[in-house]
Structure formats: structure tokens, C-alpha cells
Amino acid sequence: MAKIAYILLCHKDPEAIIQQAERLTAAGDYMAIHFDGRAALEDYQLIRAELAENPNVAFAGKRIKCGWGEWSLVEATLHALRSAVEEFPRATHFYMLSGDCMAVKTAEYAHRFLDQHDKDFIESFDFFESDWIKTGMKEDRLIYRHVFNERKHKQLFYWSHGLQKRLGLQREVPADIQVQIGSQWWCLRRRTVEWILDFTRKRRDVMRFFRTTWIPDETFFQTLVRHLIPEGEIETRTLTFLMFTDYGMPVNFHNDHYDLLLSQDFLFARKISPEATELKLRLGRLYAAQGVDFQISNEGRGLYKFLAQRGRIGRRFAPRFWETESSLGRERELLIVICKKWHVAKRLLEQIRQVTNIPAIEYLFNEEDTPLPDLGGIQAALMKRTRHRRALMRMLFEYYESDQLIICLDPGAIDLMNDFDSDRSSTRFLQIECEFSDDYLTGHAHRVGLAGERTPQLTLERLLPTIRNDILHEADRIRDAGFSQLFQMREISSPEENADQLRGFLGLTEEKAMQIAGTHYMFAD
């Protein structure tokens with residue numbers, strides 16, 4: 001059976017690295033870690049100390065100070081590979097990872113997949129003929145020597161490049177190799193890795209050449225695998241799912257991408273957003289799970305391209321139809337309290353909390369400062385909450401570990417009500433009808449910006465009937481919507497009548513419903 005030695009290049013977040021190592025080795029796999037030589041020594045010592053008792057973890061023999069686009073990334077990878085080959089003789093495959101990668105399949109699935117496909121998985125396209133490079137320099141990466149880092153020493157980088165071009169200092173590619181290019185996230189068989197390491201000892205000319213190429217982590221292993229391994233044993237693809245924008249920037253995955261990632265024909269994904277705490281939690285549980293079936297649809301890149309194009313015509317935030325869990329869940333009950341007087345609904349929720357164990361959240365789609373748990377950033381702003389409303393509600397159900405949840409909505413949020421009512425979950429509504437005095441309506445006009453401190457009284461008197469009619473219209477729209485489970489409490493009704501409505505809405509006993517409905521100050525202004 002396949003056993004994977006993960007080659008992890010990382011430079012930050014030691015706690016996450018420790019968790020990743022423990023997760024991936026728990027199923028019997030291995031890991032060799034290279035922690036960037038530029039990173040803090042105390043972080044490296046923490047990682048080594050925490051993983052010291054794990055026999056399935058090894059460390060690169062030397063820490064290299066890595067820089068993007070430099071040979072140092074390849075050098076660090078080679079150090080980690082040598083340690084993995086030496087320390088883990090039972091490893092059959094070596095899989096390149098970064099700290100931003102997470103498994104999107106189980107270990108059981110990954111092992112079976114590799115057993116069934118006796119190939120090396122690495123992107124390797126002809127460097128000169130393919131269109132893999134979309135922007136920036138191409139041939140100049142190879143035919144000129146690059147000794148400065150473009151990001152850290154931009155002026156020196158381009159000065160050196162320009163000087164070589166003016167002086168005609170081009171060089172030849174080693175005659176017997178055909179340079180390939182592709183993603184640096186590969187999975188190679190043990191024999192292939194051993195042949196590569198042997199090649200690095202014998203072919204110093206090739207090593208010297210690649211040392212001064214630009215971004216060699218996209219060409220070195222890709223070229224050597226194609227040079228050493230028969231074409232029929234190479235699958236020209238990566239097993240790590242990643243996407244790029246039109247500008248060559250990697251796309252980050254967030255909490256609502258869980259279903260999308262699991263349905264792709266890949267074993268890992270990158271980059272997982274640092275803020276996607278819920279996604280990380282769910283994926284973290286996945287690798288060691290057993291008996292999980294995956295429905296592979298592999299539509300991710302096509303969907304991203306489609307949605308990006310919609311963004312260019314002002315329709316970027318279309319429904320996330322990649323979510324197979326776009327429903328809140330058939331077994332869940334969403335209970336929605338609708339009230340124009342927000343303080344009345346909040347008093348009702350306070351009483352419900354005292355009598356039941358149902359989690360209750362106030363006007364989360366209306367008030368920015370509604371207390372919410374940290375859900376990876378999706379809860380940070382009203383716009384995000386509304387845009388990702390179903391994902392948000394799913395995460396809240398999971399956070400509270402409950403199949404029931406109460407929220408409050410303003411009567412004007414009819415679109416949200418219709419959306420939730422159309423879900424496969426059970427949705428019940430409680431409409432609270434209040435009396436509105438002129439003083440209340442005047443205060444409401446000030447709160448929503450319809451009137452200011454110096455608005456004349458005559459103007460307010462003319463405005464109040466319009467505001468009152470607007471509130472009545474909102475209430476009528478809710479009744480006309482045809483919600484199958486709509487309950488109503490009224491300020492003018494008796495406590496017994498309101499308790500009967502509460503009993504149906506919450507599924508309570510008559511005694512508990514009366515305890516809530518009998519609150520004497522419920523409707524007070």
C-alpha cells in the first residue's frame with residue numbers, strides 16, 4: 001500500500017505546522033519539514049520540540065534562507081527530500097506541500113488512488129512551446145543569469161538583466177535536456193526521487209545552470225522528471241488543486257468553498273485563506289476519516305472563470321451554486337422573529353433564552369454590532385453576511401451544535417425571508433405586530449435618517465402618515481407571501497392568545513409559552 005512522505009516547505013505559523021504534521025502522519029504517512037532559515041529560531045525550536053516524539057516526522061538537514069523566485073527554494077526542497085529518503089525507507093511517494101495546503105480527500109482515498117496509478121504526477125510542459133507562462137519574462141528566465149532577487153532588489157535585478165542583454169551575454173541550455181515548466185506542487189514515486197538525487201550528484205553542469213535561472217522551482221523538477229522517466233509513466237498534472245486570477249495571483253479558498261474542494265479530482269488544495277477557520281477545521285477532520293465517498297465533478301476552474309467573467313459585468317456576487325450544501329439542511333429548523341420594533345423582539349429573545357436552550361441571535365442582517373462568533377471573517381460586515389447568508393447560517397448551526405436557531409429580521413427584509421423559506425430546512429416565522437404612536441414614528445424617522453434635528457414639525461406631521469403606511473405595507477407583504485408556517489403575536493392580543501402562537505412557533509408546552517408571553521413589559525416603548 002502507498003505510503004506518502006510529505007515534503008513541507010514553510011516559514012510561519014508554527015502552531016499550524018505542528019497541527020498539519022500531526023494530522024498527516026496520524027494515518028501512517030510521513031513528513032519532512034524545511035522551516036525557512038529566515039524565520040525566527042524560537043519558532044523552529046518550538047516545532048522541533050513539539051514533534052520530537054513523532055517518529056514519522058523528520059527535518060531537513062540544513063535550513064536555507066529562501067526567497068521567492070530563487071534557487072534557494074529548490075535547494076531547500078532537495079535538503080528535505082534527502083532527509084525523507086533516508087529517514088523513511090517505507091515511503092513509496094513524495095508529495096510537495098506548503099503551509100497553505102490542506103488535504104481535500106481522506107488518507108484512505110489518497111493511498112488507494114496512488115496504488116491504482118503507478119505514475120509520477122507533475123506538470124511538465126515544454127518551456128518554449130507551451131503558453132504556461134501568461135505574463136512577464138519567458139526565455140530570459142533561462143538564457144540570462146539571475147543572481148539578484150527581483151522582489152527584494154528590483155533595481156539590481158533589472159540592471160543586471162539589462163546589462164547582459166546589451167552585452168549579448170546569452171548562454172546555452174545544457175544540450176541534452178529539454179527544459180519543462182509547470183506547477184511546483186508535485187507527487188513523485190520513490191524511484192523517481194532517488195534518480196533525481198543521484199542526477200544532482202552527477203550532473204554539476206545542470207545544477208550550475210539552474211542555480212542562476214529565474215523561478216527554478218517551476219522548471220527544475222519538471223525538467224529532470226521528463227529527462228529521467230519514460231513519458232508513459234508521467235501524468236502531466238498536479239494533485240494539488242489551485243487556481244490563478246488573470247493577473248497570475250493565486251486564488252484563496254474560504255469557508256464556503258468546502259463542497260467545491262471536495263468535489264475536485266485532487267488530493268490537496270492551496271491556498272487556504274488564513275481567515276477560513278471553519279474550512280480549516282472541517283478539512284482537518286477529513287484526512288483521518290474512513291469510508292467517505294467523494295462525488296467528483298471537477299468543475300472548479302470552469303466555475304471560477306465563469307464567476308470572474310460575471311464580475312466584470314457587475315454580477316460578481318451571484319449565488320454560490322458550487323455549494324452542494326447550499327441548503328441549511330433538511331433536519332434543521334430556522335425560526336425567524338419579525339418585528340419593526342427591534343427592542344420588542346430583543347426582549348422576546350431574552351425571555352426565550354431563559355426558558356429554552358435554543359440559540360437566539362438578534363438582528364444579524366440589520367445591525368453591524370450584533371454579537372457573533374468568529375466564523376473566519378464571513379461575519380465581519382453586513383454586506384458579507386447578506387451575500388453569504390446560507391453559508392453563514394450553516395456555520396452558525398454548526399457553531400452552536402444545534403438543529404434549531406432563532407434569528408430576528410426587520411419586516412423590510414422580505415427577500416431574506418423568501419430565500420430562507422425556499423430552503424429544504426424547516427422555516428417558521430413569528431410576526432410581531434406592534435402599535436406605533438406618533439412619538440415612536442418620529443423617533444424612527446430620526447433613526448433611519450428621514451428627519452434631522454432641525455426638521456420642522458410641519459414636515460414631520462406630513463411625513464408620519466407615509467412612514468406609518470410603509471410599515472403597514474411591509475406587514476401586508478409578509479402576510480401575502482404565503483409562508484406556510486407564519487405565527488403572529490399582537491400587542492393588542494391577550495397573553496393567552498400570544499402564548500398560543502408562541503407554542504406553535506417554538507414547539508413549547510403551554511406553561512413555558514405562557515411564561516414568555518406573560519412578560520408585562522414586552523411591548524413597552
Side-chain angles (χ1 to χ4, degrees), residues 68-71 73-74 77-78 96 117-147 150 157-158 160-162 164-189 192-193 195-196 199-200 202-251 264-266 270 298 300-302 304-305 308-309:
W68 186 87
E70 295 180 1
W71 169 255
L73 287 172
V74 176
T77 305
L78 290 171
M96 183 73 175
H117 301 84
D118 185 21
K119 293 188 176 184
D120 294 306
F121 291 87
I122 183 168
E123 286 188 351
S124 54
F125 303 99
D126 187 279
F127 184 92
F128 296 98
E129 299 298 328
S130 73
D131 63 348
W132 197 87
I133 298 174
K134 303 297 184 184
T135 60
M137 66 171 61
K138 187 173 181 178
E139 292 86 351
D140 288 10
R141 290 191 187 191
L142 306 179
I143 62 177
Y144 297 109
R145 295 169 178 82
H146 301 279
V147 295
E150 191 266 349
F157 179 90
Y158 288 107
S160 171
H161 176 232
Q164 292 179 73
K165 291 184 74 170
R166 288 194 298 272
L167 297 178
L169 299 178
Q170 294 186 14
R171 60 175 174 173
E172 296 294 329
V173 175
D176 62 332
I177 67 170
Q178 184 177 0
V179 179
Q180 306 287 306
I181 191 166
S183 166
Q184 62 270 53
W185 312 111
W186 38 255
C187 178
L188 304 177
R189 296 168 296 174
T192 304
V193 168
W195 285 359
I196 288 173
F199 184 93
T200 63
K202 294 178 178 178
R203 292 296 302 272
R204 293 298 177 185
D205 59 322
V206 175
M207 298 297 283
R208 284 194 299 271
F209 170 77
F210 276 106
R211 279 182 183 276
T212 52
T213 58
W214 179 231
I215 320 182
D217 55 325
E218 294 179 350
T219 55
F220 179 78
F221 291 100
Q222 296 78 359
T223 301
L224 266 58
V225 170
R226 184 68 68 173
H227 182 75
L228 296 169
I229 304 300
E231 184 176 354
E233 297 181 27
I234 301 172
E235 189 80 20
T236 309
R237 56 166 291 203
T238 174
L239 294 179
T240 297
F241 181 58
L242 64 163
M243 297 190 297
F244 291 91
T245 68
D246 292 345
Y247 306 102
M249 299 300 293
V251 173
Q264 306 311 302
D265 189 18
F266 296 86
R270 75 179 306 270
N298 220 30
R301 293 192 175 110
Y304 175 78
K305 182 179 180 182
Q309 289 172 341

Open item on the list: With a 3.5 Å distance limit and no angle check, can you tell me whether Arg208 reaches the backbone of Arg203 through a side-chain donor-acceptor pair?
Closed with: no
Task: Pro216 versus Gly69, closest heavy-atom pair with distance - done: CD-O, 3.4 Å
Open item on the list: Using side chain to side chain contact (heavy atoms under 4.5 Å, CB included), reason through Gln164 and Arg145 one step at a time and then give a plain yes or no.
Closed with: CA-CA 8 Å; Gln164 292 179 73; Arg145 295 169 178 82; 3.8 Å; yes
TODO: Mark yes or no for whether Arg226, through its side chain, and Gln180, through its backbone, hold a donor-acceptor pair below 3.5 Å.
DONE: no
TODO: Drop me the distance from Asp205's CG to Ile177's CD1, to the nearest 0.5 angstrom.
DONE: 8.0 Å
Task: Polar side-chain atom of Glu150 near backbone of Phe157 as donor-acceptor pair, under 3.5 Å - done: no
Open item on the list: Side chains of Met137 and Tyr144, heavy atoms from C-beta outward: is any pair under 4.5 Å?
Closed with: no
TODO: Decide yes or no for Ile181 and Ser130: does some side-chain heavy atom of the first lie under 4.5 Å from some side-chain heavy atom of the second?
DONE: yes
TODO: Before giving the answer on side chain to side chain contact (heavy atoms under 4.5 Å, CB included), spell out for Ile215 and Trp68 the whole-Å C-alpha distance, their side-chain angles and the decisive distance to 0.1 Å.
DONE: CA-CA 7 Å; Ile215 320 182; Trp68 186 87; 3.6 Å; yes
Task: Spatial distance of atom CG (Leu73) from atom CG (Leu78) [nearest 0.5 Å] - done: 11.0 Å
- [ ] Using atom types as modelled and distance alone, determine if a side-chain donor or acceptor of Arg171 lies under 3.5 Å from a backbone N or O of Phe209.
- [x] yes
Task: Value rounded to 0.5 Å, distance of OG in Ser124 from NE2 in His227 - done: 13.5 Å
Open item on the list: Closer than 3.5 angstrom, by distance alone: can the side chain of Gln222 be matched with the main-chain N or O of Gly182 as a donor-acceptor pair?
Closed with: yes
TODO: With side chain to side chain contact (heavy atoms under 4.5 Å, CB included) as the test, would you mind laying out the steps for Val225 and Trp186 before giving the verdict?
DONE: CA-CA 11 Å; Val225 170; Trp186 38 255; over 6 Å; no
Open item on the list: Any side-chain to backbone donor/acceptor pair from Thr212 onto His146? Under 3.5 Å, distance only.
Closed with: no
Open item on the list: Within the structure provided, determine whether Thr77 and Phe220 are in side-chain contact (heavy-atom separation under 4.5 Å).
Closed with: no
Open item on the list: For a 4.5 angstrom cut-off between non-hydrogen side-chain atoms, does Arg270 reach Thr238?
Closed with: no
Open item on the list: Using side chain to side chain contact (heavy atoms under 4.5 Å, CB included), reason through His161 and Trp214 one step at a time and then give a plain yes or no.
Closed with: CA-CA 11 Å; His161 176 232; Trp214 179 231; over 6 Å; no
Open item on the list: Does any part of the side chain of Leu239, heavy atoms only, come nearer than 4.5 Å to the side chain of Trp185, both counted from C-beta?
Closed with: no
Task: Spatial distance of atom CD1 (Ile143) from atom OG1 (Thr213) [nearest 0.5 Å] - done: 12.5 Å
Task: Interatomic distance, Leu224 atom CG to Thr192 atom OG1 [nearest 0.5 angstrom] - done: 11.0 Å
Open item on the list: Is there a side-chain contact between Phe125 and Asp131 in this structure, where contact means two heavy atoms from C-beta onward sitting under 4.5 Å apart?
Closed with: no
TODO: Check the side chains of Trp132 and Glu123 for a donor-acceptor pair under 3.5 angstrom, ignoring hydrogens and angles.
DONE: yes
Task: Check: Val206 and Phe199 side chains under 4.5 Å, non-hydrogen atoms - done: yes
Open item on the list: As an exercise, state the distance from OG1 of Thr219 to CG of Leu142, rounded to the nearest 0.5 Å.
Closed with: 6.5 Å
Task: Asp120 side-chain N/O to Arg189 backbone N/O, donor-acceptor pair under 3.5 Å - done: yes
